[in-house]
Amino acid sequence: MAEYVPPDSDDFLTVREALCEPVRNAGYKYAELPVFEDTALFVRGVGESTDVVSKEMYTFDDRGGRSITLRPEGTAGVIRSTIEHSLDRGQLPVKLWYAGPFFRAERPQKGRYRQFFSVGIEAIGSEDPALDAEVIAIAYEGFRSLGLRDFRLDLTSLGDANCRPAYRVLLQEFLADLDLDDETRQRALVNPLRVLDDKRQSVIDQVKDAPLMIDHLCQSCSDHFAAVKSYLDVLKIPYVIAPRLVRGLDYYTRTTFEFSHARLGAQSAVGGGGRYDGLMSTLGGQDLSGIGFGLGVDRTLLAVQAEEIVLPPRNQLALYVVAIGDEAKKTAVLIAAEFRAAGLPVDIAYGERGLKGAMKAADKSGAHFSIVIGDRDLTAGTCELKDMKSGVQETITLNTLISTIKARLL
Ligand code: HAM
């Protein structure tokens with residue numbers, strides 16, 4: 001499982017916030033949802049034949065003998081909650097975002113963890129292709145705001161209930177004539193599109209002339225896809241048409257996309273999503289379409305590191321206070337409280353470690369400034385202020401400390 005402790009945890013937070021920020025600026029409202037749900041929700045929502053459901057779920061019985069599962073993804077839970085709270089009975093589309101840990105019992109490797117962190121959005125109740133472009137643009141903006149460049153957006157349309165069944169039959173007929181092993185033959189029966197995504201050269205060679213969904217879209221899916229692309233063009237968001245893109249979840253219809261980063265090796269997907277026409281009705285709600293994404297915070301952090309992007313430090317201390325003597329300590333405690341109230345990060349040298357030890361701690365703290373106050377300074381109402389970078393020291397009056405440091409930090 002991925003876990004983040006200092007100093008790396010700062011960059012983790014920065015990445016997570018960068019991915020959330022464009023969401024907040026687009027009218028999405030926050031949903032805090034449970035990390036476990038009824039197992040049946042994922043079986044019905046994500047699809048029994050997917051690897052996620054058939055092999056990767058953390059499923060167990062609770063004390064009441066109910067089968068529950070740690071959420072492997074967020075969309076099914078958001079739709080469940082939307083139905084449960086009748087959010088879809090108000091203004092449409094319902095626009096929600098969420099963030100937190102997700103759980104998949106995959107074989108761990110770099111960038112693939114059993115507990116990982118995602119930021120997701122779902123926009124439910126509109127088929128407007130401009131909404132598809134908005135969802136993609138928000139993800140794009142999140143990656144770009146971190147300074148990432150070496151990533152790609154793959155885009156396709158998976159058709160809908162009108163055109164996909166006929167295409168599926170066509171693809172199955174094509175696959176039936178190939179020389180495939182039993183397992184792949186079985187996959188062709190259950191989920192033929194996944195065979196197009198097989199990474200083995202022998203299969204790649206055989207499916208290179210396979211019929212593609214994108215060439216068999218019905219008129220309305222084709223128009224919808226053309227409109228999505230035209231909005232992305234207006235937004236100048238580069239994309240690659242990827243007719244063989246297959247995502248690991250069964251609910252996708254029409255627009256489907258994935259962001260991948262070039263320097264992450266095998267686990268290159270930093271985010272992905274798409275439209276899902278039938279999901280809400282499958283889960284017992286109205287027949288509304290939706291679209292959303294899930295962005296991987298862990299992998300985005302790895303991408304930031306791979307591109308050697310230096311993220312700005314977080315909450316760097318403005319001041320480190322060293323007090324010598326009991327009265328001075330009381331003043332130090334008060335100064336710290338005043339700085340914090342003014343929104344300036346501050347820390348104090350705790351414990352009895354003497355001036356030398358305390359100054360060492362001041363150095364290590366990364367603070368912009370430090371002060372040393374002794375009991376004698378208190379009568380004068382002054383302290384020794386040190387600029388930790390230049391080493392320059394000066395005597396200043398205590399009651400101008402906040403304004404002086406504020407002005408210098410500008
Ligand atoms: P997903 O592509 O399965 O989509 O997951 C979203 C992102 O989570 C992936 O692109 C990847 O960056 C990250 N991720 C997935 N599994 C792992 C793992 N084992 N370790 C580290 N990172 C991982 C969904 O979950 C859909 N619910 C997205 C969506 C929302 N589609 C429509 N709405």
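When a ligand or atom number is given, it counts from 1 through the structure's own listing order. Counting from 1, the numbers follow the sequence of the chain as shown.
Checked for salt-bridge contact, Lys199 and Asp197 meet the test: a charged N lies under 4.0 Å from a carboxylate O. Salt-bridge check for Arg194 with Asp51: passed, with a basic side-chain N closer than 4.0 Å to an acidic carboxylate O. In this structure, Arg314 pairs ionically with Glu17, as a charged nitrogen and a carboxylate oxygen lie closer than 4.0 Å. Using a 4.0 Å cut-off between charged side-chain N and carboxylate O, Glu21 and Arg24 make a salt bridge. Classification of Asp181 and Arg200 as a salt-bridged pair holds, one side-chain N sitting under 4.0 Å from a carboxylate O. For Arg112 and Asp298, the salt-bridge test fails: no basic side-chain N is under 4.0 Å from an acidic carboxylate O.
One distance of note links OG1 of Thr256 with CZ of Arg247; it measures 8.0 Å at 0.5 Å rounding. The CG atom of Asp160 sits 7.5 Å away from the CE atom of Met213 when rounded to the nearest 0.5 Å.
The residue from Arg71, Arg247, Arg104 that puts a heavy atom closest to atom 25 (O) of ligand 1 is Arg104. Ranked by closest heavy atom to atom 31 (N) of ligand 1, the top entry among Tyr252, Tyr276, Phe259, Phe293 is Tyr252.
If you look at Tyr251 next to ligand 1, the close heavy atoms, those under 4.0 Å, all belong to the side chain. With a heavy-atom cut-off of 4.0 Å, Glu122 touches ligand 1 through its side chain alone. Under 4.0 angstrom from ligand 1, the non-hydrogen atoms of Arg112 come from both its backbone and its side chain. At a 4.0 Å heavy-atom cut-off, ligand 1 touches Leu249 through the side chain alone.
Nearest protein neighbour of atom 13 (C) of ligand 1, counting heavy atoms only, is Gly296 CA, 3.8 Å. Gly292 O, 3.3 Å is the protein heavy atom nearest to atom 32 (C) of ligand 1. Nearest protein heavy-atom contact of atom 28 (C) of ligand 1 is Gly294 N, 3.3 Å. Closest to atom 9 (C) of ligand 1, if we only count protein heavy atoms, is Ala269 O, 4.1 Å. Summary of contacts: the protein heavy atom closest to atom 20 (N) of ligand 1 is Tyr113 N, 2.9 Å. Here the heavy atom of the protein found nearest to atom 23 (C) of ligand 1 is Phe116 CD1, 3.4 Å.
In this structure, the side chains of Ile79 and Tyr251 stay at 4.5 Å or more apart for every pair of heavy atoms.
The closest approach between any non-hydrogen atom of Ser118 and ligand 1 is below 4.0 Å. The shortest heavy-atom distance from Gly120 to ligand 1 is not under 4.0 Å.
Annotation: Gly271 places an N or O atom under 3.5 Å from an N or O atom of ligand 1; distance criterion only. No N or O atom of Tyr98 sits closer than 3.5 Å to an N or O atom of ligand 1.
Residue pairs meeting the ring pair (Phe, Tyr, Trp, His ring centres under 6.0 Å) criterion with at least one member in residues 55-89, sequence neighbours excluded, do not occur. Counting only residues at least two apart or in different chains, side chain to side chain donor-acceptor pair (under 3.5 Å) contacts with residues 264-277 comprise Glu122-Tyr276, Asp132-Arg275, Thr253-Asp277, Gln267-Arg299, Arg275-Ser289, Asp277-Ser289.
A ring-centre distance under 6.0 Å is found for Phe151 and Tyr140.
Distances below 4.0 Å separate heavy atoms of Gly273 from the following atoms of ligand 1: 31 (N). Close contacts between ligand 1 and Glu73 involve ligand atoms 25 (O), 26 (C), 27 (N) [criterion: under 4.0 Å to a heavy atom]. Atoms of ligand 1 found under 4.0 Å from any heavy atom of Val270 (numbered from 1 in listed order, with element): 10 (O), 12 (O).
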